[in-house]
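Residue numbers count from 1 along this sequence.
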Amino acid sequence: MQFSSALDSQKDVYYHLLPNSESSSPSEIDLENERGKKKLLKEADKGGDQPQEQSTSQGVSTHKSPGINKYALAGAVLASTNSVLLGYDIGVMSGAVLYIKDDLNISSTEVEILVGCLNVCSLIGSLASGRTSDYIGRRYTIVLAAATFLIGALLMGLAPSFLSLMAGRVIAGIGVGYSLMIAPLYTAELSPAMSRGLLSSLPEVFINIGILLGYISNYTLSGLPQNMNWRLMLGLAALPAIIVAVGVMVMPESPRWLVMKSRYREAKQVLMKTSDTEEEAELRLVEMIKAASDMTHMSSSSSSGNWRGQGAWRELLLTPSRPIRRILVAAVGINFFMQASGNDAVVYYCPEVFKEAGIHSKKELMGVTVIMGVAKTSFVLVSALFLDRCGRRPLLLLGSLGMAFSLATLGVGSSYLGQSHDKPVWAIGLCVVAVCATVSFFSIGLGPVTWVYSSEIFPMRLRAQGTSLAISVNRLVSGLVSMTFLSISNQITFGGMFLVLGGIMVVATVFFYFFLPETKGKTLEEIGSLFEDKVEDNQKLF
């Protein structure tokens, strides 16, 4: 007899222990579930009182849907603070590069390399982060990410030349790669199912807060001498890294990582704090131990206690099963389209776009980017609040369709301005509104949903390294787009570039519709069933 988890569609039902065998009687089901729970919890709760169950006639434990757990929220906020680092760099570089170009006398090609190298180098951190987090734990990987970025930020702020500035961005990029993988992964593993969408989207919220802070820093420091302002803009990025390094001292470790290390008592202590009842904590622990047991059965060379991600890359890339292949397609696909949308390039180079549109004052350019940052941050907050209510798919489809329309509008407006000599105000206004709409729709859909989806669909044994693979694709595409955006735009104009990006978002919308099933309300252990061969007719993937 096997038992697995499934989630009822009713909001007041959380965790269910159900059989795989259809021939079992209700009494056999109850008996088997009770035996399974007692056996799995024995090591985690030695000598403790047995939990008092509230069960239906089918052995299903229920309780009313609670609000957001404050302990889980605090852990998610501290982990997501790491994401401010990337956001701040994106925002601050959009303005700082204008002064760097003049102060260091670098070319447009060197500007592209300077901007894009952080994203390309973050590929190193993303690839290494999966195995690192399996080895030293999620919490200390967050510390490693913050420390690496801190070193890079200090080098950038003190850089006397272009080469030393590049060295700082290379080191900071590695820290960004670690941060982008570990923050949503840690949050997903810590959060209860019914609030995981909101909490796992916090990294994107903090990225946008970082972008806005970067814009404000640009605007505030733009009046300083040219050889000083950009160094302060970049050097201030060290402050969030210090906050993260201090805050991690009070953060709990991921309960799922603790279970993989057979540290059940510690895992239960964390679950007791991130759950609303002892019953819920024990049921979550049962599912995690069951998943860890399945993991070690599939890896004959290791036990749960010394699991360090052995064989994960082989299973992901060389011998994936059909469900794992579908998960890879979904995770890699959403990360690819997140950056192929050109969002990072639009944010990085929006001053160049507005300058081409007819806004030439650097102070005015900084002011317009602040407006864009406010719009971007506002909509990501709205999206985060509705992720667990509306689901991932509706917001993702709405955001991608909205981006396609906004990018097309921006392309038409930019093309008109490129052929116009008098630069009419209405056309400039249309481009500003279209840019704000583009980043706002990104914040509704692709921005938060990508991090949530990537961190929750992989099975436990592959979650860290599978997520790192998907994020690596994200960073590679981001770097390529950032390093070629200006060059391609010079060949086909900004208008042509935005029309191409709009077409990419149409393709992305079709991909999301057919290949990404809804995960709202499912526990991490249950989501794998969505990618199995036997799925609902309206959720078939291949």
Side-chain angles (χ1 to χ4, degrees), residues 80-103 111 114-116 118-119 149 153 156-157 169 172 176 203-224 226 228-241 243 342-357 359-383 406 410 428-429 431-444 447-448 478 482 485-486:
S80 301
T81 304
N82 240 353
S83 301
V84 171
L85 307 177
L86 174 63
Y88 182 82
D89 181 84
I90 293 174
V92 81
M93 276 302 292
S94 67
V97 74
L98 298 176
Y99 304 100
I100 294 172
K101 186 175 182 180
D102 293 337
D103 187 36
V111 168
L114 181 66
V115 170
L118 182 136
N119 294 317
F149 191 91
M156 288 189 291
R169 289 190 67 74
V176 165
E204 178 65 17
V205 173
F206 277 81
I207 287 175
N208 282 273
I209 291 174
I211 291 174
L212 181 58
L213 290 175
Y215 289 155
I216 293 173
S217 174
N218 288 341
Y219 186 81
T220 304
L221 301 175
S222 60
L224 295 177
Q226 186 170 267
M228 182 188 300
N229 55 12
W230 66 265
R231 288 184 171 84
L232 281 175
M233 292 173 185
L234 298 179
L236 286 174
L239 294 179
I243 294 173
N343 176 77
D344 280 7
V346 170
V347 175
Y348 273 128
Y349 298 117
C350 65
E352 296 287 341
V353 175
F354 292 142
K355 188 176 181 180
E356 182 76 13
I359 303 175
H360 298 291
S361 168
K362 288 183 179 179
K363 196 74 171 180
E364 290 179 356
L365 288 173
M366 299 301 102
V368 173
T369 57
V370 170
I371 294 174
M372 186 181 73
V374 170
K376 187 171 171 59
T377 304
S378 300
F379 278 95
V380 78
L381 289 171
V382 173
S383 177
S406 300
L410 180 57
I428 296 175
C431 288
V432 172
V433 171
V435 169
C436 291
T438 298
V439 298
S440 296
F441 277 114
F442 179 87
S443 292
I444 289 173
S478 176
S482 298
F485 183 84
L486 288 181

Point-to-point distance, once rounded to the nearest 0.5 Å, from CG of Asp344 to CD1 of Ile211:
7.0 Å
Would you mind reporting whether Val374 and Ser378 have side-chain heavy atoms less than 4.5 Å apart?
yes
Side chain to side chain contact (heavy atoms under 4.5 Å, CB included) between Leu212 and Lys376: does it pass, once the steps are laid out?
CA-CA 8 Å; Leu212 181 58; Lys376 187 171 171 59; over 6 Å; no
For Leu232, enumerate each residue passing the side chain to side chain contact (heavy atoms under 4.5 Å, CB included) test, keeping only those at least two apart in sequence or located in another chain.
Leu221, Leu224, Met228
Passes side chain to side chain contact (heavy atoms under 4.5 Å, CB included), Met156 versus Val92? Steps please.
CA-CA 12 Å; Met156 288 189 291; Val92 81; over 6 Å; no
What residues form a side chain to side chain contact (heavy atoms under 4.5 Å, CB included) with Tyr219, not counting sequence neighbours?
Lys363, Met366, Val370
N/O donor-acceptor pair under 3.5 Å between Tyr88 side chain and Leu234 backbone
no
So, the side chain of Ser83 versus the backbone of Glu204: is there a donor-acceptor pair under 3.5 Å, distance only?
no
I need the single residue from Val97, Ile100, Leu98 that forms a side-chain contact (heavy atoms from CB on, under 4.5 Å) with Val111. Which is it?
Val97
State which residues pass side chain to side chain donor-acceptor pair (under 3.5 Å) with Ser482; sequence neighbours excluded, sorted by chain then number.
Asn119
Partners meeting side chain to side chain contact (heavy atoms under 4.5 Å, CB included) with Ser440 (sequence neighbours left out)
Ala375, Phe379
Heavy-atom closest pair, residues Cys436 and Met372:
SG-CA, 3.9 Å
Ser217 side chain to Leu213 main-chain N or O, any donor-acceptor pair under 3.5 Å?
no
Salt bridge (Lys or Arg N to Asp or Glu O under 4.0 Å) pairs, two or more places apart, involving residues 84-101
Asp89-Arg169
